[in-house]
Amino acid sequence: KEKYGPETLFSCRGAPVGQETFDAFHQFLYAYGSPNITGSGHLCSVPRRAAIQQVTGRRAEPDYEGSKLIIIWGANPTDSYRLGDGMAYGSYDKPLHAARQQGARLVVIDPRRIPLAAQADKWLRINPGTDAALLMALLQVIIQERLYDQDFVRDWTIGFPELAERVERARPEWASELTGLPTEDIRELAYLYATSQPATIRDGNGLDMHLNVSGTTRLVASLEAITGNLDVPGGNVFYPSPRLTPYPTLEAPGNRLGQERYPLFPYSPFPTVVDTILSEEPQRPRAMLVYHANPLLINANEKKVRLALSRLDLLVVNDLFMTSTAEMAHVILPGASDVEQASFRTYSSKNGGFIALRRKLLDPPGEARPVMEMEYELARRLGLAEAYPWRTTEEWIDCRLKTSGATRADLEQKTVAYTTPPLEYRKYAKSSFSTPSGKVELSSARVAGLGQDPLPDYVEPVSRLRYPEMAARFPLVGTTRKLGNYIHTRFRNIPTLRHLEPEALVTLHPRDAEGRGINDGERVQVSSPEGKIELTARVSDEIGPGVVVLDFGWGNPEDGSPNVNSLASDEPRDPLFASTSNRSFLCQVSRS
Ligand SMILES: Nc1nc2c(c(=O)[nH]1)N[C@H]1C(S)=C(S)[C@@H](COP(=O)(O)OP(=O)(O)OC[C@H]3O[C@@H](n4cnc5c(=O)[nH]c(N)nc54)[C@H](O)[C@@H]3O)O[C@H]1N2
Ligand SMILES: Nc1nc2c(c(=O)[nH]1)N[C@H]1C(S)=C(S)[C@@H](COP(=O)(O)OP(=O)(O)OC[C@H]3O[C@@H](n4cnc5c(=O)[nH]c(N)nc54)[C@H](O)[C@@H]3O)O[C@H]1N2
Ligand SMILES: [Mo]
C-alpha cells in the first residue's frame with residue numbers, strides 16, 4: 001500500500017451462490033482505499049444484463065404461464081438450473097412444462113442438441129456466435145411485413161426508423177449463410193414469434209461468451225419490445241426483486257480500473273486486469289484477494305492468465321480446496337463452506353421478490369472461518385475496524401436485512417420471506433421504462449456518447465469466415481459445455497459425481513470423426529493457436545459438422561484432465577464489456 005498505493009489491491013470473486021459471495025471483502029477493499037473488484041462477470045450474465053439495460057432499462061425474464069411460444073435461446077435449463085426457481089415454483093422447470101402442457105410451442109436455438117431440444121417443436125442448430133445475424137433477419141422480416149406492434153412502437157420506443165434501416169439488408173438469405181440455418185426456418189420463426197401472442201424468450205449464458213454479446217443481447221431486447229411482448233402476461237417481464245440495505249456503507253474510493261474504457265461494466269473486467277498486470281504501468285495491480293473463484297481456469301487464454309497471476313507480489317486465495325489458482329497463491333485462507341456459515345440470498349419471482357436464509361449446520365473444521373468474520377478480523381488488524389458495522393456473520397446478515405422488510409428471526413421461522421408484492425404487468429404505463437428517455441431505446445444516445453455504435457449490429461465471431469488463413473490449419477469451431485453434475489470447476493473431487501462423469505470429453509460430429517479416423521472413446525489431441533490438450537473423443541450428431549464441443553470446468557490439480565480455456569483466445573473482446581470468446585475458437589482434432 002505504501003509503495004504502490006491502495007488501488008493496486010484487487011479483489012476477485014466468482015459466480016455468486018449466497019449473498020456472501022457478492023459482499024465478501026467489499027467493505028474491506030473500500031475501507032483500505034481500492035475501488036477495484038474483478039471476477040467472472042465479463043463471462044457471466046453481467047454483460048447481457050447491462051446491454052439489455054441500455055434498451056429496456058432492465059433485463060426482462062420469461063413468464064412461461066400463458067405463453068404461446070417459448071424460445072430457449074443459448075440456455076440449458078435442464079442442466080444449468082437456476083437457484084431460487086425451485087423454491088418459488090416447487091421445481092425449477094415447473095412453469096415451463098406447465099406452459100407446454102397448455103399448448104405452448106417450444107423452439108430451442110443452440111449449436112448443441114440439449115435435452116430440451118429433443119422435446120422441442122423446432123431445434124435451430126445455429127453456428128456459435130452468429131445469433132445477431134438471426135436476430136437481425138427476424139427483425140427484418142417482422143418490420144418489412146409489418147408484423148410488429150405498431151401502437152407499442154409508436155408510443156413506447158425511440159429509434160425505430162434507425163433500427164428498421166439497420167436491418168433492412170439483413171435478409172434471411174444473408175443470415176442463413178452466417179448462421180448455417182435454412183432460410184425457410186428463419187422466415188418461419190419470424191412469423192411464428194410475431195404472430196404467437198404472447199411469446200417469450202429465455203436468453204442464456206450461451207450468448208455471453210462471445211465478442212458481440214452487447215450487440216446480440218440488445219437485439220434480443222429490441223425483438224421482445226417491438227412485438228409487444230414486454231411486461232405482458234406470457235411475454236418477457238420485469239419480476240419484482242427484494243431490496244437490501246445499501247452496501248457498502250462507504251463510497252468507492254476513486255475510479256475503478258477500466259471505468260473509462262468500459263463505463264457500463266460495473267466492475268473491472270478481468271481481461272483488462274490481466275493486461276494491466278502485464279504492462280509497465282506503475283499503478284498496475286500488485287496484489288489480489290481471490291474469494292470463491294478460480295480465475296486461472298475459467299478465463300480465456302490460461303497461459304496469459306497464469307503469467308499475470310505469477311507477476312503479482314501477493315496472491316491470496318480463500319477456497320475450500322487446493323485449486324489450480326490456489327496452487328499459485330502466496331497465502332491460502334481456508335474458507336468455511338456453505339454448510340459451515342450462515343448466509344442468505346434474494347430472489348425474484350412471479351409471486352414476488354423473496355429472501356431465503358441458509359442456516360449454519362456444522363462448525364468449520366481446523367482453521368477455516370466464515371468469510372465475513374475473516375474479513376472483519378483482517379480489517380481489525382489493519383486498523384480499519386471502524387468501517388465495520390458488523391463483527392459476526394449474524395450481525396452482517398442483520399445489517400443487510402435492516403430495511404428489506406424481513407428479519408433474520410422471520411427467516412429462521414419461514415425459511416422464505418416475500419418482501420415485495422407479486423408481479424404486476426405493464427408497469428411502464430405507470431412509471432415508464434428506466435432508460436434515460438423513459439422509453440425503449442432501440443437506438444441508444446448513451447451508447448453513442450461512449451463513442452460506440454448507437455445501434456446493435458452483427459459482428460463476425462471467431463470463425464472460419466473471420467480468420468480464413470487460420471482456418472486452413474484449424475478448420476473446426478470449438479465451443480464448450482457446462483456439465484449438469486458439476487458446477488464450473490467444482491466437485492470433481494466428489495467420488496459419486498466423478499463416477500458419473502469421470503473425464504473431459506470432446507464431442508465431434510460423425511462426419512468429422514470419420515474423416516479423421518477417430519472412434520468414440522479414443523484419446524485425441526485438440527489444438528488451437530493458443531495451445532494443445534488431450535481429451536477423450538465422443539462421437540455424436542448432437543452437434544453439426546464443423547463444430548466440436550469441449551467439456552468446461554476441468555483442470556484442477558486432482559482431476560487429471562486439461563482445461564479447455566487454454567485453447568480460447570482472450571482477443572478480440574466485446575467493445576462494451578470486454579467479454580472474450582470462450583465459446584468459440586478455431587481448433588483442430590487429431591488422433592493422439
Ligand atoms: N469455456 C468456458 N469458460 C467459462 C464458462 C463456460 O461455460 N465455458 N462459464 C463461465 C461462467 S458462466 C462462470 S460464472 C465462470 C465461473 O467462474 P468461477 O466462479 O471463478 O468458477 P468456480 O469453479 O465456480 O469457482 C468457485 C471456487 O469457489 C470455491 N468455493 C465454493 N464454495 C465456497 C465457499 O463457500 N467458500 C470459499 N471460500 N470458496 C468456495 C470452489 O471450490 C471453487 O474453487 O466461468 C466462466 N468460464
Ligand atoms: N449444474 C450446473 N448448474 C449451473 C452451473 C453449472 O456450472 N452447473 N452454472 C451456473 C451459472 S454461473 C450460470 S451462468 C448458469 C448458466 O446457465 P445457462 O444460461 O442455461 O447457460 P449454459 O448452461 O452455459 O448453457 C448455454 C447454452 O448455450 C449454448 N450456446 C453456446 N454458444 C452459443 C451460441 O453462440 N448461440 C446460442 N444460441 N447458444 C449457444 C450451449 O450449447 C448451451 O447449451 O447456470 C448456473 N447453473
Ligand atoms: Mo455464470
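One-based numbering, in listed order, for ligands and for the atoms of each.
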Original post:
Met288 and Phe270: which non-hydrogen atoms are nearest, and at how many Å?
Top reply: CE-CE1, 4.2 Å
Subject >> Leu138 side, atom CG; Leu134 side, atom CG - distance, nearest 0.5 Å >> reply: 4.5 Å
Subject >> For Trp73, atoms of ligand 2 separated by under 4.0 Å from a heavy atom >> reply: 38 (N)
Original post:
Is Asp208 salt-bridged to Arg583, cutoff N-O under 4.0 Å?
Top reply: no
Original post:
Hey, is Asp363 close enough to Lys360 for a salt bridge, meaning N to O under 4.0 Å?
Top reply: yes
Does ligand 1 have any N/O atom under 3.5 Å from a protein N/O, and what are those pairs and their distances?
{"from": "ligand 1", "atom 1": "1 (N)", "to": "Thr480", "atom 2": "OG1", "distance (Å)": "3.3"}
{"from": "ligand 1", "atom 1": "1 (N)", "to": "Asn565", "atom 2": "OD1", "distance (Å)": "2.8"}
{"from": "ligand 1", "atom 1": "3 (N)", "to": "Asn565", "atom 2": "ND2", "distance (Å)": "3.2"}
{"from": "ligand 1", "atom 1": "3 (N)", "to": "Asn582", "atom 2": "ND2", "distance (Å)": "3.3"}
{"from": "ligand 1", "atom 1": "7 (O)", "to": "Lys482", "atom 2": "NZ", "distance (Å)": "3.2"}
{"from": "ligand 1", "atom 1": "7 (O)", "to": "Arg583", "atom 2": "NH2", "distance (Å)": "3.2"}
{"from": "ligand 1", "atom 1": "8 (N)", "to": "Thr480", "atom 2": "OG1", "distance (Å)": "2.9"}
{"from": "ligand 1", "atom 1": "19 (O)", "to": "Ala15", "atom 2": "N", "distance (Å)": "2.7"}
{"from": "ligand 1", "atom 1": "20 (O)", "to": "Asn294", "atom 2": "N", "distance (Å)": "2.9"}
{"from": "ligand 1", "atom 1": "23 (O)", "to": "Thr489", "atom 2": "N", "distance (Å)": "2.8"}
{"from": "ligand 1", "atom 1": "23 (O)", "to": "Thr489", "atom 2": "OG1", "distance (Å)": "2.5"}
{"from": "ligand 1", "atom 1": "24 (O)", "to": "His488", "atom 2": "ND1", "distance (Å)": "3.0"}
{"from": "ligand 1", "atom 1": "24 (O)", "to": "Arg490", "atom 2": "NE", "distance (Å)": "3.0"}
{"from": "ligand 1", "atom 1": "24 (O)", "to": "Arg490", "atom 2": "NH2", "distance (Å)": "3.0"}
{"from": "ligand 1", "atom 1": "32 (N)", "to": "His292", "atom 2": "NE2", "distance (Å)": "3.4"}
{"from": "ligand 1", "atom 1": "35 (O)", "to": "Ala336", "atom 2": "O", "distance (Å)": "3.4"}
{"from": "ligand 1", "atom 1": "35 (O)", "to": "Asp338", "atom 2": "OD1", "distance (Å)": "3.4"}
{"from": "ligand 1", "atom 1": "38 (N)", "to": "Asn318", "atom 2": "O", "distance (Å)": "3.2"}
{"from": "ligand 1", "atom 1": "38 (N)", "to": "Asn318", "atom 2": "OD1", "distance (Å)": "2.8"}
{"from": "ligand 1", "atom 1": "42 (O)", "to": "Asp319", "atom 2": "OD1", "distance (Å)": "2.7"}
{"from": "ligand 1", "atom 1": "44 (O)", "to": "Asp319", "atom 2": "OD2", "distance (Å)": "2.7"}
{"from": "ligand 1", "atom 1": "47 (N)", "to": "Ile298", "atom 2": "O", "distance (Å)": "3.0"}

Original post:
Which of the atoms in ligand 2, numbered in the order shown and given with their element, are less than 4.0 Å from a heavy-atom of Pro128?
Top reply: 35 (O)
Original post:
Is Asp131 in polar range of ligand 2, meaning some N or O pair under 3.5 Å apart?
Top reply: yes
**OP:** Check the surroundings of atom CD in Glu177: do more than 12 heavy atoms from other residues, nucleotides or ligands lie under 6.0 Å from it?
**Re:** no
Original post:
Under a 4.5 Å cut-off applied to non-hydrogen side-chain atoms, are Ile186 and Ser176 in contact?
Top reply: yes
**OP:** For Ile114, counting its heavy atoms only, list the atoms of ligand 2 lying under 4.0 Å from any of them.
**Re:** 44 (O)
Subject >> Nitrogen or oxygen of Gly129 less than 3.5 angstrom from that of ligand 2 >> reply: yes
**OP:** Can you see which heavy atom on His509 is nearest to which on Ile543, and at what distance?
**Re:** CD2-O, 3.0 Å
Original post:
How about Trp396 and Tyr376: are their ring centres within less than 6.0 Å of each other?
Top reply: no
Original post:
Mind checking whether Gly484 has an N or O less than 3.5 Å away from an N or O of ligand 2?
Top reply: yes
Subject >> Numbered atoms and elements of ligand 2 in range of His210, under 4.0 angstrom, heavy atoms >> reply: 32 (N), 33 (C), 34 (C), 35 (O)
Original post:
Do any N or O atoms from the side chain of Arg59 and from the backbone of Phe238 form a donor-acceptor pair under 3.5 angstrom?
Top reply: no
